[in-house]
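The sequence lines fix the lettering, A, B, ..., with proteins before strands; numbering per chain opens at 1.
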Number of protein chains: 2
Amino acid sequence: MTRLLPLADEPARERADAARNREAILAAALRLVETQGVDSVTMDTVASEAGVGKGTLFRRFESREGLMAAVLNTSETQWQASVLSGPPPLGPGAPAMERLLAFGHSRLRTNLTHASLIEAAGKAGQRSVAAMSFANLHARYLLRELGVDGDLQLLATALLAPLEAVVLEQQVTRDRIPVERVEAGWDDLVRRVVGA
Amino acid sequence: MTRLLPLADEPARERADAARNREAILAAALRLVETQGVDSVTMDTVASEAGVGKGTLFRRFESREGLMAAVLNTSETQWQASVLSGPPPLGPGAPAMERLLAFGHSRLRTNLTHASLIEAAGKAGQRSVAAMSFANLHARYLLRELGVDGDLQLLATALLAPLEAVVLEQQVTRDRIPVERVEAGWDDLVRRVVGA
DNA sequence: AATAGAAGCGGACCGCGGTCCGTTTAAGCC
DNA sequence: GGCTTAAACGGACCGCGGTCCGCTTCTATT
């Protein structure tokens, strides 16, 4: 009853074993995904490989999608870092237009590389604070920098939409369109939208 | 052994009971989806409701996604009809630009309306001959009509991507962007791309 | 009408994602 | 160190999508 207080709404610290388990799970998941491919990784396998009960997985990660989203988040974070502080033209230092083009290419390649993982992460991947909103925000920033006016949030969304993994997969895998052509298409789109 | 022949590669006609069952299944599925919502419709339910064994469902429709895609296909076909021969500005008779704008609005509303079904249809929905490729084809046609040059296939894909159900759901449901604003955003995008 | 054989059928069965709840354990307090 | 209690644990359990295979039914042929 006596709640002698964690300050205000402190996030209620994670217990030591809980933290250990979370990392073990993530590590196991990552390893299994890399070795066997996303689709053949089952929750039971991850659990036993991490030396943990199944219930634990679901308490920490909500669902299979959530776990995959967490795994995905690792590389997503790295990508964000290289956008924010990596070498130009992706990182800062190049003219806005070049950055925007590089941004698209990089996003395109990344999404293609992780396509199956992204799919497995499903909606959990999109709602993850990081993923969509960071890219959108950054695109908006570059558009503003380029002097584009209009509803930048929607414009950014429209530019990013054709870079989504599902769309790319369709183009590259089913329609056999070479990646370079898709890249060129995006460049064209950007130039039209920016009005250069 | 003696194959006294169906002509060349005739499609091997569907047996009468098979056809009857297929329709019963589709009807049951449609009804259940409408009354209970996609997510709570199970294959067992559809089967028993259609008075058919579970195996039959899967033989005819491959998977749950396939069944949902088939259900979706019904309304998709209607939509196609109204694009091809409905009243303007969606159907023929209006100037290309108006048609293109109307096309986007209509697609947007349709996709939002069927969002959950589309999601349930998953990749089966996209590979369905009809859905994606018809829209893409029509968009290409209108772009050509408008004198746009460039890689029309990619341009069409880029224009359609932001109208995908997943993207729209994100905008309308999570980000609370009013539909009218999304529509306006698409109009803006189209004008920039066409260069009007 | 009889018959052969392929096409179709259906439900028992399986594996996996997800839940539930009795048990264990870490961590603050004396 | 003992005690308390809330958090965390883990595995038995459930429902659903999907498969499999022995049985039934249609249809072409004579």
Rounded distance (Å) that lies between atom [atom2] of [N] and atom [atom1] of [X]:
{"X": "B:N21", "N": "D:dT24", "atom1": "CG", "atom2": "P", "answer": "17 Å"}
{"X": "A:F61", "N": "C:dC16", "atom1": "CZ", "atom2": "C1'", "answer": "19 Å"}
{"X": "B:K54", "N": "C:dC13", "atom1": "NZ", "atom2": "C1'", "answer": "10 Å"}
{"X": "A:M43", "N": "C:dT19", "atom1": "CE", "atom2": "P", "answer": "10 Å"}
{"X": "A:R64", "N": "C:dT19", "atom1": "CZ", "atom2": "P", "answer": "15 Å"}
{"X": "A:R20", "N": "D:dC9", "atom1": "CZ", "atom2": "C1'", "answer": "12 Å"}
{"X": "A:M68", "N": "C:dC16", "atom1": "CE", "atom2": "C1'", "answer": "12 Å"}
{"X": "B:I25", "N": "C:dG10", "atom1": "CD1", "atom2": "C1'", "answer": "11 Å"}

Can you identify which nucleotide, out of [options], has its nearest atom closest to the [X] side chain?
{"X": "B:T56", "options": "D:dG17, C:dG18, C:dG10", "answer": "C:dG10"}
{"X": "B:D44", "options": "D:dG17, C:dC9, C:dA27", "answer": "D:dG17"}
{"X": "A:A18", "options": "D:dT25, D:dT19, D:dA8", "answer": "D:dA8"}
{"X": "A:R15", "options": "C:dA26, D:dG18, C:dA7", "answer": "C:dA26"}

Handout entry: Spacing of A:N136 atom CG and A:T157 atom OG1 [to the nearest 0.5 Å]
Key = 4.0 Å

Exercise for the section: Please confirm whether any donor atom in the side chain of A:R59 sits under 3.5 Å from an acceptor in the base of D:dA8, or the reverse. Expected result: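 No such pair is found, so the answer is no.
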
Practice task
May I ask you to say what B:R60 touches in the nucleic acid, namely base, sugar-phosphate or nothing, with a heavy-atom cut-off under 4.0 Å?
Solution key: sugar-phosphate

Exercise for the section: Please tell me if the side chains of B:I25 and B:V52 come closer than 4.5 Å, counting only heavy atoms from C-beta onward. Expected result: yes

Exercise for the section: Might you work through the side chain to side chain contact (heavy atoms under 4.5 Å, CB included) test for B:M68 and B:F61, ending with a clear yes or no? Expected result: CA-CA 9 Å; B:M68 294 312 177; B:F61 298 99; over 6 Å; no

Practice task
Hey, can you tell me if A:F103 and A:W79 have their rings parallel, tilted or perpendicular (30° and 60° cut-offs)?
Solution key: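 Tilted.
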
Exercise for the section: Nearest-nucleotide wise, let me know which of A:G51 and B:T42 is further upstream toward the 5' end of DNA chain D. Expected result: A:G51

Handout entry: Carboxylate-amine/guanidinium proximity below 4.0 Å for B:R107 and B:E183
Key = no

